[in-house]
Participant: 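Below you will find the structure I want to go over with you.
Residue indices begin at 1 and follow the sequence shown.
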Amino acid sequence: MIATEVLVLMAAALLGLGFVAQQHAAYAEPLGEVLHVSLLLHLARKPLWLFGIGAMVGGQILASLALQEANVTQVAPLLATNLIFALALAAVRYQEFLGRAEWLGAVLVSGGVAVFLASGQPHGGDLSGPAAVAWMAAAGVLALAGVLVVLALRTGLKTKAMLLAAAAGALYGLQDALTRGSLLTLEHGPRALFGSWYLYTLPVIAVTGIWLNQSAFDAAPLRISLPTATATEPIIGIVLGVAIFRERLRVDPQALVGEVVGLVALVVGIVILGRSPFLAKSEQGPQQPDSQRQ
């Protein structure tokens with residue numbers, strides 16, 4: 001398990017690097033491209049954004065390798081540490097030291113993940129559950145993402161960015177579950193994989209998640225968009241892991257308290273890290289005045 005955890009943390013580091021690079025490229029795009037396909041087309045011409053996508057893909061590959069050995073309920077919370085790595089990279093870039101708030105947030109995030117995993121002791125997971133349950137769970141996440149996008153269309157830029165990031169985070173959580181489903185199906189052979197809906201749904205969800213995330217990055221700085229996506233992904237991943245693959249957590253009172261405390265600490269830590277001035281530095285240098293992004 002130690003090797004798997006290291007693999008997931010390496011994945012989180014690459015994801016953090018990728019998100020920072022993507023946001024720096026996307027925030028310079030015109031606001032009119034939010035939720036337009038043209039946004040991806042224009043970003044695809046930027047080396048910085050392509051580098052960010054490459055880092056994210058590398059992180060997803062490492063996460064997929066981890067999902068071969070561990071379940072979604074174990075992997076998804078660890079991936080939430082990508083925000084810590086994003087802050088560390090920002091500190092290195094600006095050659096400044098992290099403050100007490102950043103260290104507190106990092107401790108809460110990492111400690112929250114550790115407490116959740118230690119208390120819940122996630123285990124099990126297979127494809128023995130009814131296919132209808134998997135379809136309903138996936139449809140529920142898609143419906144949630146759709147509602148968030150619709151609400152985002154009627155709000156100001158900051159709220160729009162948070163809602164779009166939450167929708168992207170929900171799809172990233174679904175992506176984790178679909179990856180796990182594909183890997184479990186592959187154990188029955190390539191023919192089973194190519195006959196599974198997991199394989200064909202996965203790239204669509206992945207691309208849609210990227211599109212929503214870039215729109216969130218375009219609408220507002222990293223400190224507003226990234227924490228929301230980071231907090232949403234593990235929660236959705238845990239729910240789907242339990243609902244689709246019957247992954248199990250301890251349910252005795254002491255364990256439940258630890259699980260709740262761990263998840264609350266994780267979310268609070270993410271909020272604290274999201275307020276870091278290091279993430280606010282990504283606001284510098286957009287093509288449009290800040291007054292147009294309020």
Side-chain angles (χ1 to χ4, degrees), residues 14-60 82-83 86 89-90 141-176 178 201-233 236 274 279-294:
L14 286 176
L15 290 173
L17 173 61
F19 288 144
V20 170
Q22 291 168 37
Q23 197 278 338
H24 275 278
Y27 192 59
E29 289 298 305
L31 288 173
E33 292 189 347
V34 172
L35 289 179
H36 286 270
V37 178
S38 59
L39 174 61
L40 292 182
L41 297 178
H42 291 161
L43 288 173
R45 302 172 186 171
K46 294 188 172 185
L48 178 61
W49 187 78
L50 292 175
F51 170 79
I53 290 295
M56 186 181 74
V57 170
Q60 293 292 350
N82 73 77
L83 188 56
L89 291 168
V141 174
L142 291 176
L144 172 62
V147 169
L148 291 172
V149 171
V150 171
L151 292 175
L153 295 174
R154 306 175 181 179
T155 61
L157 285 177
K158 291 184 178 180
T159 304
K160 184 192 298 290
M162 294 178 64
L163 291 173
L164 292 178
L171 293 187
Y172 287 153
L174 178 56
Q175 179 182 330
D176 295 336
L178 293 174
T201 310
L202 179 58
V204 176
I205 295 301
V207 172
T208 305
I210 290 174
W211 174 53
L212 292 177
N213 216 19
Q214 305 316 305
S215 293
F217 287 161
D218 186 15
L222 201 64
R223 62 185 170 86
I224 295 174
S225 52
L226 184 57
T228 308
T230 302
T232 306
E233 180 179 357
I236 295 297
L279 295 184
K281 289 176 183 290
S282 64
E283 299 180 43
Q284 299 173 1
Q287 290 181 355
Q288 297 181 337
D290 287 348
S291 60
Q292 297 183 27
R293 291 183 174 268
Q294 303 300 318

Participant: Under the side chain to side chain contact (heavy atoms under 4.5 Å, CB included) criterion, do Asp176 and Ile236 qualify, and how do the steps go?
Facilitator: CA-CA 9 Å; Asp176 295 336; Ile236 295 297; over 6 Å; no

Participant: Please enumerate all residues that pass side chain to side chain contact (heavy atoms under 4.5 Å, CB included) together with Val147, with sequence neighbours excluded.
Facilitator: Leu151

Participant: Run the side-chain donor-acceptor check on residues 47-57: report pairs under 3.5 Å with partners two or more places apart or on a different chain.
Facilitator:
from  : atom 1 : to     : atom 2 : distance (Å)
Trp49 : NE1    : Gln214 : OE1    : 2.8

Participant: Is any side-chain heavy atom of Asp218 closer than 4.5 Å to one of Leu43?
Facilitator: no

Participant: For Leu14 and Gly58, work out which heavy atoms get closest and say how close.
Facilitator: CD1-C, 3.7 Å

Participant: Ignoring hydrogens, what is the shortest heavy-atom contact between Leu39 and Glu33? Give both atom names and the distance.
Facilitator: CB-O, 3.4 Å

Participant: Is there side-chain contact between Asn82 and Leu226, with at least one heavy-atom pair below 4.5 Å?
Facilitator: yes

Participant: For Thr228 and Thr232, which heavy atoms make the closest approach, and how far apart are they?
Facilitator: O-OG1, 2.8 Å

Participant: With a 4.5 Å heavy-atom cut-off, do Leu148 and Leu212 have their side chains touching?
Facilitator: no

Participant: Are side-chain heavy atoms of Glu29 and His36 found at a separation under 4.5 Å?
Facilitator: no

Participant: Return the minimal non-hydrogen interatomic distance between Ala86 and Val20, and the atom names on each side.
Facilitator: CB-CG2, 3.7 Å

Participant: List the atom pairs, donor and acceptor, that lie under 3.5 Å between side-chain atoms in residues 159-173 and the rest of the protein, sequence neighbours left out.
Facilitator:
from   : atom 1 : to     : atom 2 : distance (Å)
Lys160 : NZ     : Ala152 : O      : 2.8
Tyr172 : OH     : Asn213 : ND2    : 3.3

Participant: Minimum heavy-atom separation for Phe217 and Ser225, please, with both atom names.
Facilitator: CD2-OG, 3.2 Å

Participant: So, taking the atom named CZ in Arg223 and the one named CD in Gln23, what distance separates them when rounded to the nearest 0.5 Å?
Facilitator: 10.5 Å

Participant: Rounded to the nearest 0.5 Å, how far apart are OG1 of Thr201 and CG of Leu178?
Facilitator: 6.0 Å

